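Worth saying up front: this structure is predicted, and the values here are computed from it rather than measured. Throughout, numbering of the chain's residues begins at 1 and tracks the sequence.
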Amino acid sequence: RVRVRSALASVGVDVSELAVGVAIEPEPSGPVDLAIAMSILVLLGKHAKSASIFIGELDLAGNVRAVRGVLPMLNIGKRLAYVPCGNAAEAAWSEHAAWTGDHLRDFLDDGWNGPTNRATQAKPVYADISDITSQSTRRVLEIAAAGRHNVLFVGPRGSGAMLAAK
């Protein structure tokens with residue numbers, strides 16, 4: 001792959017002399033650029049984390065781009081994973097450790113004293129129906145949710161319309 005070769009060149013690893021063949025069966029439908037690059041780096045001795053999962057797509061400059069569907073990949077793998085920074089919020093939902101980076105050099109071992117970033121962004125806080133104190137409002141919301149009906153929230157600021165809408 002041209003992207004992998006170019007990304008490795010951006011961190012100072014010349015693979016033009018190497019004959020590296022990567023066979024992935026079945027043909028991958030997901031983002032495997034980072035995994036291929038890290039496999040080559042493990043082969044060259046520049047990275048020692050061979051028992052990890054690497055999820056991400058590389059561009060020609062070596063930047064790691066965010067991808068779709070990281071959470072299922074993390075939960076299937078059940079081991080330490082490295083994901084793009086753009087997927088940190090999604091990776092925070094996983095019960096498995098996930099480290100993030102923006103560039104391929106963030107995942108290298110030379111001068112590496114541990115992961116650069118822990119995917120520990122706060123999980124979104126969703127409103128709970130128990131936060132609504134008005135019994136009639138709760139009843140209306142429960143009936144609307146059960147029947148999949150629409151509800152129009154009207155009221156002055158501070159009346160709790162936004163809390164009920166959430």
Between V11 and H103, is any pair of side-chain heavy atoms under 4.5 Å apart? yes

Least distance between heavy atoms, A164 atom then F153 atom: CB-CE2, 3.5 Å

With side chains defined as the heavy atoms from C-beta onward, is the minimum distance between V83 and L34 less than 4.5 Å? no

For residues 132-140, tabulate all N or O donor-acceptor pairs below 3.5 Å that involve a side-chain atom, not counting sequence neighbours.
| unit_1 | atom_1 | unit_2 | atom_2 | d |
| --- | --- | --- | --- | --- |
| S134 | OG | S136 | OG | 3.2 |
| S134 | OG | T137 | N | 3.3 |
| S134 | OG | T137 | OG1 | 3.0 |

For A61 and S10, the nearest pair of non-hydrogen atoms, with its separation, is O-OG, 3.1 Å

Testing the basics here: between P72 and E90, what is the closest heavy-atom pair and its distance to 0.1 Å? CD-OE2, 4.4 Å

Looking at every non-hydrogen atom in both residues, tell me the closest pair between D33 and R3 and how far apart they are. OD2-NH2, 2.8 Å

Show every salt bridge (Lys or Arg N to Asp or Glu O under 4.0 Å) that has at least one partner inside residues 58-70, sequence neighbours left out. E57-R65

Who else is in L152's hydrophobic cluster (ILVMFWY, side-chain heavy atoms under 4.5 Å, direct or via others)? V154

Who pairs with A9 by side-chain contact (heavy atoms from CB on, under 4.5 Å), at least two apart in sequence or on another chain? none

Once side-chain contact (heavy atoms from CB on, under 4.5 Å) is applied, do any residues pair with A37, and if so which ones, sequence neighbours excluded? V4, L8, L58, L104

Check: I55 and I53 side chains under 4.5 Å, non-hydrogen atoms: yes

How far apart are the closest heavy atoms of P84 and G56, and which atoms are they? CG-CA, 3.9 Å

For A81 and L74, the nearest pair of non-hydrogen atoms, with its separation, is CB-CD2, 3.1 Å

